[in-house]
Amino acid sequence: MSYSKSTYMTAQAKMEKRRKCALDALEERKSRAYAAIPELYDIQSKIAACGAQVIGAFAKGSGTEGRAFIESLAKQSLSAQEKRKELLKEAGFPEDYLQPRFTCSICEDTGVTENGICDCRRKLLTETAKEEIEAYAPLKRSTFDSFSLEYYPEAVDANGISPQKRMGEIAQFCKDYASDFSAKSPSLFMHGATGLGKTHLSLAIANEVIEKGFGVIYGSAPNLFGKLEKEHFSRQNSNEQSFEQEMIESDLLIIDDLGVEFSTQFTVSCIYNIINSRILSGKPTIISTNLTPNELEDKYTQRITSRIIGSYVSLKFMGRDIRQIKRY
């Protein structure tokens, strides 16, 4: 799964903090226990020494003498551990007082097991990815369950289409899309007037796709391309993966409000490269815009617009501006 660099770095920092907190808390408990039971220090040292000798014995081989020596060390260690439990209990401490209390007992807060990445690390990546989007978009509130059709007119328009019915079909399509999402899902082109639910449904998709463990980069066009431009003109280490490359390689890229950003030759070039690269690699992208296809072509180029229209599933949103309806 292809998460952004910031997601990986933030999750790693959280994981390291968890482990450090657990080990620091253990040292504090050791200090209190040793102060109350001086004999514990020698017992702890003996247990540690037995463990080191067992490792050394395994490294030298496991002949008959070696196995007997290892069994002897194991008995000494178990005896010392039992003595430790007794002393702790007598002093009013829990038997496991000198054991580290990691958030995850499986990987001991390293994020890695002998079988690979621990489930706790995957969960942390998912939580971090959601937090990053939630920082500037209402991800938690934008779910399929909270998407209501009551704000869309039920009566048919001049073309004989009921906005409520059409939006119900689009909402169901998006829900199925998220449920069946894979790295090779089709790209979506959400277009229509402002305030019709494009952002809500794209975030609802992001919610479920992230829960499946896929990496999602989501942002408004001004934020995404502003970040690209800032990085381009301030970047010092060319060996680091660029944000543009992260956008190209992400499992799902969602560009919200395409067309409202301030366009420059640089941003237009980036948009073309990102869209074209993801089409060539078969990676899904969701683009939402308030512009019509003709307006998009006027703002950008025919090369960009033709790729979107020709390669994306078109979802035309209908109805009245929901934000205005809710206001009154």
Side-chain angles (χ1 to χ4, degrees), residues 1 3-135 140 210-213 215:
M1 306 302 178
Y3 290 95
S4 69
K5 178 174 63 179
S6 64
T7 300
Y8 278 116
M9 292 178 64
T10 303
Q12 179 62 28
K14 289 179 179 178
M15 186 66 68
E16 291 173 357
K17 184 177 180 180
R18 283 181 182 180
R19 182 171 173 81
K20 184 178 185 302
C21 287
L23 295 177
D24 287 348
L26 174 61
E27 289 304 313
E28 290 180 8
R29 294 197 301 276
K30 281 183 179 179
S31 296
R32 288 194 290 270
Y34 292 161
I37 317 169
E39 188 180 351
L40 271 179
Y41 184 83
D42 291 334
I43 293 176
Q44 285 289 102
S45 298
K46 184 176 182 179
I47 293 172
C50 286
Q53 286 180 291
V54 167
I55 294 173
F58 272 118
K60 292 178 181 179
S62 56
T64 303
E65 292 184 2
R67 287 196 297 272
F69 181 57
I70 291 172
E71 289 175 3
S72 173
L73 289 172
K75 289 180 180 178
Q76 292 178 46
S77 179
L78 287 172
S79 176
Q81 290 176 45
E82 287 300 319
K83 181 63 175 177
R84 180 178 62 186
K85 287 181 181 179
E86 291 175 8
L87 291 173
L88 286 170
K89 187 176 181 180
E90 289 173 1
F93 294 104
E95 291 183 353
D96 63 348
Y97 193 67
L98 297 182
Q99 298 299 316
R101 296 169 184 173
F102 296 112
T103 302
C104 178
S105 59
I106 298 174
C107 71
E108 297 186 342
D109 293 345
T110 62
V112 180
T113 69
E114 59 181 12
N115 296 319
I117 297 177
C118 186
D119 286 341
C120 74
R121 184 181 179 85
R122 291 192 178 92
K123 182 179 180 182
L124 191 57
L125 282 166
T126 296
E127 292 173 352
T128 302
K130 285 191 171 186
E131 288 170 1
E132 289 180 344
I133 295 177
E134 186 66 34
K140 291 180 181 178
I210 291 173
E211 280 294 330
K212 290 176 177 291

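- Summarising the geometry, atom CD belonging to E95 is positioned 8.0 Å from atom CD belonging to E82; distances are rounded to the nearest 0.5 Å.
- Atom CD of Q12 and atom CZ of R121 lie 4.5 Å apart (nearest 0.5 Å).
- The nearest pair of heavy atoms linking I43 to A80 is CG2-O, 3.4 Å.
- In this structure, NZ in K14 is found 12.5 Å from OG1 in T103, a value given to the nearest 0.5 Å.
- For P100 against R29, the heavy-atom pair with the smallest separation is CA-NH2, 3.9 Å.
- Under a 3.5 Å cut-off, the side chain of Q81 and the backbone N or O of I47 do not form any donor-acceptor pair.
- When the shell of 6.0 Å around OH of Y34 is examined, it contains more than 12 heavy atoms from other residues, nucleotides or ligands.
- For T128 (side chain) and L124 (main-chain N/O), a donor-acceptor pair under 3.5 Å exists by modelled atom type.
- Taking CE of M15 as the reference point, atom CZ of R19 lies at 11.0 Å (rounded to 0.5 Å).
- A36 and F93 make their closest contact through CB-CE1, 3.9 Å (heavy atoms, listed as atom of the first residue, atom of the second, distance).
- Within 6.0 Å of CG in L78 there are more than 12 heavy atoms belonging to other residues, nucleotides or ligands.
- Checked for salt-bridge contact, E27 and K30 meet the test: a charged N lies under 4.0 Å from a carboxylate O.
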